[in-house]
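Have a look at the structure below before the remarks.
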Amino acid sequence: MMVGPAETAAAWREVLELCRLTSDETVAILTKREANPRNVEGARHAVTDLGAQHFCLEPHIGRAPLAANKPAMDVLCAVDLVIDLLGIHLLRGGEQETIVRAGTRILYAIEPPETLIRLMPTLEDKARVKAAEACLKGAATMTVTSAAGTNITVDIGEYPILCEYGFSDEPGHWDHWGAGFVATWPNERSARGIVVLQPGDIIFPFKSYVQRPIRLTIDGGYIRNIEGDFDADFLREYMGQFQDEEAYAVSHLGWGLQPRARWTALGLLDKAQTNGNDARAFYGNFMFSTGPNTDAGGTRDTLCHMDIPMRRCSVSVDGRPMTVDGDVVAAGQRIAPPAR
Ligand SMILES: [Fe+2]
């Protein structure tokens, strides 16, 4: 059911309170013509309601990246909070890193208000994600298995931990309203094993559910073989079109911790309506991905990036179970089962 402007503004107010927005702060709302006008209006109302200053910035992003627009970058580095309604791919020119390094908080939101409201973050979400982050800190290996035949091990520790809990409350923190997961990147060339995608696993950017199993053979950090029938053919053909060996590298790996995110959501919404946030964050998923590691400070810069949330996997870190068969088991990360 569609929500109205008052409910949207109230939700924005709630998330901005979680972002600890105060009346002496200034907010830049980064927008574009195609941005969801209901989110733009909701954010503007909420910021005003909380007594903070704001302005909207609608940069033209053509061939030159936003990074080349020095006055715009200066202003984004100078504000306390950026509400990013642009879309993540426009912040891939290093802009995001520059802005957070200046201490600015960034809250990214792209989903329609109805989804944002369902995925309203809480302090418990943060605690759960932070507990998962603590397990990854200082760890040396991550192993993922499944009854379907997945068995992959990676060494970790070379790259930072990506920690998304849905709101940006600390200086220099980037977050994504509706998120709820942790991830990190494997050490260079360390990923090895087999990943078997099963019906119901989800492939981005296709925004579609796998129908037929796909078997990926991984060695030395790269996918060496893609086997299966139609779904495997489609994936192999798409990845091949980039003519880039780096497309086959294993990228960020992690698990979903957002109990209000729904595995089914992608099947119910029009593809253009959603960024697929539910799929990336649903509780107990294992998110496999391929391609770049520039987001983590690495040098692998390829245009082919696949996010692949999988169900029914068991993730362990240094041998300690985080999830078992798609259910979160680790203390501090597990939600209490519903009362009967
Ligand atoms: Fe990704």
Side-chain angles (χ1 to χ4, degrees), residues 84 86-97 100 106-111 119 129 132-133 136 142 144 150 152 154 156 158-166 168 173-188 190-191 195 197 201-210 214 216 218 221-223 235 238-239 242 244 246-258 261 263 265-266 271 274-311 313 315:
D84 175 12
L86 276 182
I88 200 162
H89 297 294
L90 296 176
L91 287 177
R92 283 264 161 91
E95 295 90 344
Q96 189 172 302
E97 209 190 330
V100 296
I106 304 180
L107 178 67
Y108 172 78
I110 194 79
E111 302 286 336
L119 296 175
V129 171
E133 181 190 35
L136 282 173
M142 185 192 295
V144 185
T150 292
I152 179 178
V154 302
I156 54 174
E158 268 178 22
Y159 289 107
I161 300 164
L162 177 65
C163 192
E164 294 187 16
Y165 45 83
S168 182
H173 182 64
W174 180 97
D175 219 305
H176 181 178
W177 185 352
F181 56 80
V182 285
T184 190
W185 286 257
N187 296 353
E188 289 300 334
S190 75
V195 169
L197 307 181
D201 293 342
I202 294 167
I203 301 185
F204 291 98
F206 305 159
K207 293 188 180 176
S208 65
Y209 294 87
V210 170
I214 307 173
L216 308 173
I218 295 159
Y222 289 79
I223 296 172
L235 180 65
Y238 175 79
M239 293 182 81
F242 289 84
D244 183 353
E246 299 300 342
Y248 299 94
V250 175
S251 187
H252 57 81
L253 304 176
W255 60 99
L257 289 161
Q258 174 48 271
W263 166 67
L266 194 66
K271 283 191 183 188
T274 176
N275 193 39
N277 205 48
D278 279 273
R280 289 185 175 87
F282 71 84
Y283 186 74
N285 79 17
F286 162 56
M287 179 123 94
F288 177 75
S289 84
T290 64
N293 64 2
T294 44
D295 280 5
T299 55
R300 184 174 305 107
D301 192 8
T302 170
L303 290 173
C304 182
H305 177 49
M306 322 290 300
D307 276 344
I308 305 181
M310 298 169 60
R311 294 188 302 161
C313 290
V315 179

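The shown structure was predicted, so the numbers you read here are calculated from the model rather than taken from an experiment. All ligand and atom numbering here is 1-based and tracks the order in the structure.
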inquiry  = Working to the nearest 0.5 angstrom, can you tell me the gap between Glu95 CD and Ile106 CD1?
reply    = 10.0 Å

task = For Thr290, enumerate each residue passing the side chain to side chain donor-acceptor pair (under 3.5 Å) test, keeping only those at least two apart in sequence or located in another chain.
result =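 Partners of Thr290 by the side chain to side chain donor-acceptor pair (under 3.5 Å) criterion come out as none, since no residue qualifies.
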
ask   = How about Asp295: does one of its N, O or S atoms come closer than 2.8 Å to the Fe ion (ligand 1)?
value =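 No.
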
ask   = Is Arg300 paired with Glu188 through a side-chain N to carboxylate O contact shorter than 4.0 Å?
value = yes

request  = Tell me which N, O or S atom of Asp307 sits nearest to the Fe ion (ligand 1).
outcome  = OD1

message = Between Tyr108 and Asp175, do the side chains contain a donor N or O and an acceptor N or O under 3.5 Å apart?
response =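 On atom types as modelled, these side chains do not qualify, holding no pair under 3.5 Å.
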
query = To the nearest 10°, what's the angle at the Fe ion (ligand 1) between atoms NE2 (His305) and NE2 (His252)?
reply = 110°

